[in-house]
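Order of listing sets the numbers, starting from 1, for every ligand and every atom in it.
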Amino acid sequence: MEREVRVRFAPSPTGPLHIGGVRTALYNYLLARKLGGKMLLRIEDTDQNRFVPGAEDYIRQSLEWCGIQLDESPWVGGPHAPYRQSERKPMYRQYAQQLIDNGYAYYAFDTPEELDAMRARLTAAKVPNPQYNSITRAQMRNSLTLPAEEVAQLLEAGEPYVIRLKVPRKEEVRFNDLIRGWVVVHSSSIDDKVLMKSDGMPTYHLANIVDDHLMEITHVIRGEEWLPSAPLHVLLYRYLGWESTMPQFAHLPLLLKPDGTGKLSKRDGDRLGFPVFPLEWHGKDAETGEPTVSSGYRESGYLPEAFINFLAFLGWNPGSTQELFTMDELVEAFTIERVSKSPARFDQNKVRWYNEQYLRAKPDAELAQYLVESLQAQGQELDAAKAEQIAALVKERATFPTDLAREAQLFFQRPSSYDEQVISKKWNAQVAGALAEFARELPTAADTSPEAIKALLTQVLERQGIKIGQVLQALRVAVTGAAAGPDLMHIMSILGPQETAARLEQAISQLPA
Ligand code: GLU
């Protein structure tokens, strides 16, 4: 029988979710939806030293903002609850015991000093990467080297120990990664990883495999940084007797900084001039403990649809030239086969471009709402009908919703200065005279549509024997102060004849012709 597709996003609450993490969540979500399966979220909080308060809530809010819906999670529950590893602690012990009983794991009683001494010995002997492994374990204090009675005594006496995986000395571990194809690793390069710590808490490796098995996960889609752990995970599935239902692995390509010089990391914060986090994060400086604020896409004015569309393309392409995809369209188009192996470079201009596309595609009434709200925040009032006209006009010049209010300022303020270049080239007595005439006639106009205003202007200029091309730039500067902006006839129409005429009179009186 075909198994139901079940994928998981398994973040550790060690800080804010980085955009790479959001991309991992997104690809999991797309695959689950595409294949009619389920997506769950599991909090991997076995490392209590790295726990950061607020991180879990941040992860939840980020996914909600992005529209990534979870079928099972610590918040909505589900058939495999609990979904926080710290709450599942008692479940892992039996699997570590099973591995010991079957000869795949062992107790290790080495003290931190003994481990340091081992590393120092190996370093002195010029061993490149000193590890606790199939060779070195023979010299250490563990249940493979100590007599059985001594091990029993140590356990009885409550001596601290960890449980380590007994990695075979000479074995090829292979698995078929859905993105990278066959991955073959020699077991001699894998160390005897700790599976259970002395406090009885499982490590990431054990908890992750046990939970993926119990939660019936069919596909593990995660970042490339986990590729080196995958062979170890394959061994764990085998030794626990779960190989036949082992999930398929897909390791996603790295996300690089815009210049391609390295991995885009959480530490990049705002240094590169764009956010690396979906939402603003209030944290603490690791060294000084001072409060820090890292910017987020949401607070910077990005629309979730644009952010998601952009992220989807960081490592995947649909195989066509289409660039704009709603979430539903992404679900439809997504396949793991089209995820690239090669690293994806972050492109700041591209994410802005996406935002512009989504912003401009919004209904004018919705844009008007943004405009009214931004203006209100600045203490300016605007009625809904005017707001809609202005929003429709200025949207082509906006990347973020707040740009609408900036672009709208020309409707609130008469020019306090005039673009000097245009004035020096285009302003002269003839032009000023023609505009004065236009200003006189404007208030009599019955029709104030952009077309009617243009017709009136053309008439006035014809009478004066001037071509429209000779005055347009000067007229724009006289009305708005600036050399560039949205369509001038629409601006004058929205300002209305009285205000336009008043602005022209102001320009004529202030600018020497
Ligand atoms: N807890 C790991 C992380 O924080 C999950 C890795 C995995 O998906 O297996 O990325």
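- Residue P11 has no N or O atom closer than 3.5 Å to an N or O atom of ligand 1.
- With V185 as the partner, the side chain to side chain contact (heavy atoms under 4.5 Å, CB included) test is satisfied by one option alone out of S187, S189, S188: S189.
- Atom 5 (C) of ligand 1 has its closest protein heavy atom at A10 O, 3.1 Å.
- Residue E225 places every heavy atom at 4.0 Å or more from ligand 1.
- In terms of protein heavy-atom proximity, atom 4 (O) of ligand 1 is closest to S12 OG, 3.2 Å.
- A donor-acceptor contact under 3.5 angstrom links the side chains of T399 and E356, judged on distance only.
- In this structure, the side chain of T145 engages the main chain of M140 through a donor-acceptor pair within 3.5 Å.
- Short contacts between ligand 1 and N208, defined as distances under 4.0 Å to a heavy atom of the residue, involve ligand atoms 7 (C), 9 (O).
- In summary, the side chains of S12 and T14 do not present any donor paired with an acceptor at a separation below 3.5 Å, with no hydrogens or angles considered.
- When only modelled atom types and interatomic distance are considered, T261 and D259 share a side-chain donor-acceptor pair under 3.5 Å.
- Proximity of F9 to ligand 1, defined as any heavy-atom pair under 4.0 Å, is not found for any part of the residue.
- Shown in contact with E44 at under 4.0 Å from a heavy atom are these atoms of ligand 1, numbered in order with element: 1 (N), 2 (C), 5 (C).
- Among all protein heavy atoms, the one lying closest to atom 8 (O) of ligand 1 is R8 NH1, 2.7 Å.
- Remark: the N142 side chain and the Y132 side chain contain an N/O donor-acceptor pair separated by less than 3.5 Å.
- Residue V220 does not touch ligand 1, judged by heavy-atom distances below 4.0 Å.
- Counting atoms of ligand 1 from 1 in the listed order, those under 4.0 Å from a heavy atom of R222 are 7 (C), 8 (O), 9 (O).
- Taking the ring centroids of F307 and Y358, they lie at or beyond the 6.0 Å cut-off.
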